[in-house]
Each structure stands twice: as C-alpha cells, then as structure tokens.
Amino acid sequence: MLAPPQASAFDAGQAAMSCRNSPQFKAGNSARQCVDKGYQADSKSCEVWLLATNGNFISRIPYDCNQKCNTRADGQAGMINGTMYSGGVCDNGCKVQPNLDPGTNFSLRENGNPNAIPIRSGTWRATGDVCIPDDTPPKPESKDEYCHQSGAYQVCKSKDKTCISTVSGFRTCASDTANQKGHTATNNSRTEAASISAPNSGVNPPSNRPGEDWKPSGPGGSITNNNGNTTNNFNGYKNEGTPNGNTPTPGDGSGPGAGGSNGNGEQGEGNGNTATGGGNCASPPATGGDPILGMIAMQTWATRCAAEKANGGKVTGDVGNCEAPFSVEGDTVQANQLRAQRAQLCAGRPGEGQGSTGNPHEGAEDADGPGKWSWKFDESVIDKSGFGGGSCPQLGTLDFGRFGTVSLDGQTWWCPLIAAMRTVMLLLGMFISFRVVFGD
C-alpha cells in the first residue's frame with residue numbers, strides 16, 4: 001500500500017533526510033533513492049519520493065516549495081582540503097560545494113611525494129540539489145585548521161600559524177608572521193620535538209645534549225603560502241638516546257615546552273631561571289632557563305668538588321644558590337677558581353662574590369693576596385729546587401794536560417750566561433704549569 005503525502009514541515013533537504021531515515025528506505029522493494037519531484041498537483045505541494053525497484057514510489061514526503069535547497073544560506077567551511085570536496089558534500093539533505101576564499105591558499109607537501117595537498121578556507125554554497133549521505137559524502141565539521149598525518153606526528157595549518165602535535169599530547173605552534181628565526185621545541189621530558197623553519201629556510205633539529213640522539217620521526221615536508229610565495233619546512237623528532245633534562249647545552253635553541261628558545265614562545269613572569277641541588281658533591285645541580293647560567297653552575301659545582309677532593313680548600317654552603325651564604329678557604333688554584341665562578345654566577349644578586357667578607361686568601365701561608373677575586377701567582381708558588389740559589393757557583397779549572405789549563409771562574413761572561421739560562425728555564429716552567437692548571 002502506498003503511503004499518502006504528509007503535511008509539509010520541511011525544506012527540500014530535510015524532506016530528503018526524512019526519506020532516508022524512514023523504515024521503508026530499507027524495505028525489500030526499495031530502490032534506496034530519494035528524489036526531489038518538485039511540485040505535485042494532486043497534493044498541491046513539493047515532494048521528495050522514495051523510489052521503488054519497479055520505478056514507482058513507496059512514499060512521498062512533502063516540503064515547502066519556497067524552501068528548496070538553493071535557498072540555503074552559505075555555511076562556513078573552515079580550513080579544508082581544496083580538492084577533496086570539489087564534487088560537493090551533503091549538508092542535511094542539500095548538496096553543497098566549497099566556495100573557496102582566494103585569500104587563503106596553501107600547499108602542503110611531504111618530502112618524496114610530488115603531490116601537494118591544497119589547504120583552503122571558504123564557505124559551503126548550496127547547488128540546489130537534494131542528497132543523502134549514501135551517495136554524497138557528508139559535510140565535514142568546520143575547523144579552524146586542516147590536519148595531515150605525517151609519520152608519527154600530525155601537522156596542522158590554520159590561516160595564520162602552523163602546528164605539530166603527537167598522540168602523546170605534545171603540541172607546538174609557530175606564527176606565520178612572527179616566526180622569522182625558526183621554531184624548535186621539545187616536550188618537558190625531551191623525548192619528542194618538532195621544528196618549523198623560518199620562511200624559505202631549513203629546519204633546525206634540537207641539539208643533542210650528552211647521551212641524547214635525536215632522529216626524524218617522519219619524512220618531513222613543507223607548507224607554501226601561494227599568495228606570499230614563502231615556504232616553511234617542518235619535521236618531527238624522537239629522542240632515541242637517553243633524555244637529558246639537567247645538562248643544558250649553551251645555544252641549543254631547544255628548551256622544553258612549546259615556544260622553544262627562539263623567541264616565538266610567550267614570555268613568562270620573571271627571568272625563568274631555576275636551580276636545585278648542588279649542595280654537596282653527591283648531588284649535581286639541576287637548572288632550568290638560561291643554558292649559559294646552567295653551564296656555569298655545573299662548572300662551579302665541578303670545581304668545588306675538585307677542590308674538596310684534592311684537599312685544596314674548605315667549602316661551606318651551596319655554591320649554586322646565590323641567595324644562601326657561601327665561603328671557601330684556602331689559596332689553591334681550585335679555591336680561587338671557585339671564588340671567581342661564584343662571582344660570575346651571582347653577579348648583581350644577593351650573595352655576590354665568594355660569600356665571605358673576610359680575606360679571600362685567609363688560611364694561606366702568605367696572606368697578602370693582590371685582590372679580592374684574583375689568583376695570587378708569582379715566583380713563590382714555583383718549585384725552584386734544583387735551580388741553584390741564584391749566586392754564581394765556583395766552576396773550577398779545566399786541565400788539558402800539555403795543552404794547558406783554563407780557569408772558568410776567570411771568565412766574566414760565564415756567570416751571566418748561566419743566570420740567563422736559569423731565568424729562561426724558570427719562565428718555561430711557569431708557562432707549562434699555567435697551562436696544566438688552566439687548560440689550553
């Protein structure tokens with residue numbers, strides 16, 4: 001028995017979806033086609049018919065003739081693949097096609113793949129035809145960015161920025177206009193990283209800290225702005241070595257968290273420098289923020305422990321904590337190095353200098369040191385044993401038998417020559433000692 005027309009309460013698209021969702025759609029004699037038949041005189045309304053396999057109809061769904069699909073208002077399409085939906089999509093029973101904005105026109109390419117993905121934005125414009133999702137793809141959700149899976153990470157492009165994210169939750173972004181030096185960032189545990197280059201430049205992978213081994217986690221690729229003729233390269237990385245979060249490498253440009261160390265991240269309050277540990281030789285310092293200050297803290301801690309190990313001085317307090325008291329006794333090379341490093345690390349802050357108001361050379365045999373942070377270096381610290389006392393020795397007489405004798409003490413030039421040679425040897429010894437202590 002044929003179903004009579006129902007009272008119209010739909011537009012053409014809603015009538016088509018009502019046809020699709022009706023129980024009769026899956027009936028054995030259903031052709032599974034919903035067709036807009038337009039105005040029907042017998043019902044005095046416009047109708048969508050569910051066709052039967054014999055060419056007749058199974059049901060008729062009326063709709064308001066003033067609400068055809070071509071009356072649908074444009075809807076925002078967001079960022080989409082510009083060619084994937086060129087055949088149109090189904091939006092609640094009405095077929096729509098992308099009406100692309102010429103001002104947003106990007107091309108995404110993976111390295112090694114000659115085919116580019118056009119990334120566009122715009123609106124959905126109705127064609128006037130009805131549709132059902134069975135024969136026309138459904139309209140995708142409107143999003144502010146188009147995302148493409150590339151290896152182990154996902155690259156996403158919006159109108160004004162590029163982002164890279166992983167399934168673990170790590171995500172970092174770079175602004176198209178502000179990213180002029182390149183953007184490199186790692187997650188807090190330094191197991192994952194991403195790099196988005198400056199315009200028309202190569203990517204900058206994170207620098208390997210001791211024990212780390214950064215490798216690409218995808219093929220890499222590029223995004224070209226077809227309106228501005230600029231290209232930004234990108235890639236994701238994974239750390240196949242041992243993550244090193246406590247030993248910064250000066251200038252590696254790969255600080256943890258989104259934004260990296262290239263000036264593209266948001267600026268936080270304060271200077272962002274932190275330091276913990278280092279209070280004793282069993283606990284090295286862990287630093288964050290400025291990598292150069294971190295390296296100074298590590299070197300200072302190593303010098304402190306070298307001084308204690310060699311019994312070269314007594315160290316009190318945490319050398320890396322500029323807010324806490326600190327002092328070092330002794331006049332060895334290590335002790336004076338430690339004073340200088342403390343002064344450099346804590347310059348301009350409470351606890352500046354070696355942390356002691358006493359004589360920096362207190363405890364040494366000769367306490368008249370030349371300055372507060374200087375290292376006392378003169379001939380008194382050189383071992384001159386074996387070089388004589390400085391006076392001219394008695395050299396005696398050489399007997400040549402029948403050829404006669406020669407008195408060495410009678411030659412006026414002999415002593416000055418030996419004294420000059422002694423001075424040269426002392427200077428050479430001082431130079432070699434200086435290089436042994438301070439390195440090349």
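Predicted, not measured: the structure shown is a model, and the values here were computed from it.
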Does [X] use its side chain to pair, donor to acceptor, with the backbone of [Y] at less than 3.5 Å?
{"X": "Ser22", "Y": "Cys19", "result": "yes"}
{"X": "Ser18", "Y": "Ala15", "result": "no"}
{"X": "Arg20", "Y": "Cys34", "result": "no"}
{"X": "Asn111", "Y": "Pro219", "result": "yes"}
{"X": "Asn227", "Y": "Gly103", "result": "yes"}
{"X": "Asn179", "Y": "Ser175", "result": "no"}
{"X": "Asn233", "Y": "Val203", "result": "no"}
{"X": "Ser45", "Y": "Tyr63", "result": "no"}
{"X": "Thr71", "Y": "Lys68", "result": "yes"}
{"X": "Arg190", "Y": "Gly245", "result": "no"}

How about Cys90 and Cys131: are their SG atoms under 2.5 Å apart?
yes

Apply side-chain contact (heavy atoms from CB on, under 4.5 Å) to residues Leu51 and Gln33 and explain how you reach the verdict.
CA-CA 6 Å; Leu51 299 183; Gln33 296 182 37; 4.1 Å; yes

Can you find a pair of side-chain heavy atoms, one from [X] and one from [Y], that are under 4.5 Å apart?
{"X": "Trp49", "Y": "Ile61", "result": "no"}
{"X": "Ile132", "Y": "Phe25", "result": "yes"}
{"X": "Pro216", "Y": "Tyr237", "result": "yes"}
{"X": "Gln24", "Y": "Leu50", "result": "yes"}
{"X": "Ile164", "Y": "Phe234", "result": "yes"}

Which atoms form the tightest heavy-atom contact between [X] and [Y], and what is the distance?
{"X": "Ser197", "Y": "Asn232", "answer": "O-ND2, 2.9 Å"}
{"X": "Gly88", "Y": "Lys95", "answer": "CA-CE, 4.3 Å"}
{"X": "Cys147", "Y": "Gln154", "answer": "CB-CD, 3.6 Å"}
{"X": "Ser195", "Y": "Asn204", "answer": "OG-N, 3.0 Å"}
{"X": "Tyr146", "Y": "Ile80", "answer": "CD1-C, 4.0 Å"}
{"X": "Gly28", "Y": "Thr53", "answer": "O-CG2, 4.5 Å"}

Just by distance, no angles: are the side chains of [X] and [Y] close enough, under 3.5 Å, to form a donor-acceptor pair?
{"X": "Thr242", "Y": "Glu212", "result": "no"}
{"X": "Thr231", "Y": "Thr224", "result": "yes"}
{"X": "Gln97", "Y": "Thr127", "result": "no"}

Is the shortest distance from a Lys or Arg side-chain nitrogen in [X] or [Y] to a carboxylate oxygen in the other one below 4.0 Å?
{"X": "Lys159", "Y": "Asp144", "answer": "no"}
{"X": "Lys238", "Y": "Glu192", "answer": "no"}
{"X": "Asp176", "Y": "Lys161", "answer": "no"}
{"X": "Asp91", "Y": "Lys139", "answer": "yes"}

So, applying side-chain hydrogen bond (donor to acceptor under 3.5 Å, both in side chains) with Ser107, which one of Asn225, Asn115, Asn226 is it?
Asn226

Before you tell me yes or no, could you show the steps for Thr172 and His183 under side chain to side chain donor-acceptor pair (under 3.5 Å), namely the whole-Å CA-CA distance, both residues' side-chain angles and the distance that decides it to 0.1 Å?
CA-CA 9 Å; Thr172 185; His183 177 90; 2.6 Å; yes

Start with the C-alpha distance between Gln67 and Asp64, add both sets of side-chain angles, then the distance that settles side chain to side chain donor-acceptor pair (under 3.5 Å), and finish with yes or no.
CA-CA 5 Å; Gln67 299 187 52; Asp64 187 343; 3.2 Å; yes

To the closest 0.5 Å, what do you measure between [atom1] ([X]) and [atom2] ([Y])?
{"X": "Gln14", "Y": "Asn92", "atom1": "CD", "atom2": "CG", "value": "5.5 Å"}
{"X": "Asn235", "Y": "Tyr153", "atom1": "CG", "atom2": "OH", "value": "4.0 Å"}
{"X": "Asn66", "Y": "Cys46", "atom1": "CG", "atom2": "SG", "value": "8.0 Å"}
{"X": "Asn105", "Y": "Ile119", "atom1": "CG", "atom2": "CD1", "value": "10.0 Å"}
{"X": "Arg125", "Y": "Cys94", "atom1": "CZ", "atom2": "SG", "value": "15.0 Å"}
{"X": "Ile117", "Y": "Arg109", "atom1": "CD1", "atom2": "CZ", "value": "10.5 Å"}

Trace of the side-chain contact (heavy atoms from CB on, under 4.5 Å) decision for Cys69 with Asp11:
CA-CA 7 Å; Cys69 278; Asp11 68 5; over 6 Å; no

Tell me, please, whether Phe106 has Lys157 positioned over its six-membered ring: NZ or CZ under 6.0 Å from the ring centre and within 45 degrees of its axis?
yes

Can you say whether the rings of Trp124 and Tyr85 are parallel (under 30°), tilted (30 to 60°) or perpendicular (over 60°)?
perpendicular

Is there a side-chain contact (heavy atoms from CB on, under 4.5 Å) between Asn188 and Phe170? Walk through the geometry before answering.
CA-CA 9 Å; Asn188 289 330; Phe170 170 63; over 6 Å; no

Begin with the C-alpha distance, continue with both residues' side-chain angles, and end with the deciding distance and a verdict on side chain to side chain donor-acceptor pair (under 3.5 Å) for Gln76 and Thr123.
CA-CA 4 Å; Gln76 290 297 319; Thr123 60; over 6 Å; no

side-chain contact (heavy atoms from CB on, under 4.5 Å) between Asp129 and Asp36, worked out
CA-CA 8 Å; Asp129 299 327; Asp36 184 5; over 6 Å; no

Could you walk me through whether Tyr39 and Lys44 satisfy the side chain to side chain donor-acceptor pair (under 3.5 Å) test, starting with their C-alpha distance in whole Å, then the side-chain angles of each, then the deciding distance to 0.1 Å, before giving a yes or no?
CA-CA 7 Å; Tyr39 179 78; Lys44 296 183 179 179; over 6 Å; no

Among Met79, Lys143, Glu145, find the one that has a side-chain contact (heavy atoms from CB on, under 4.5 Å) with Cys156.
Glu145

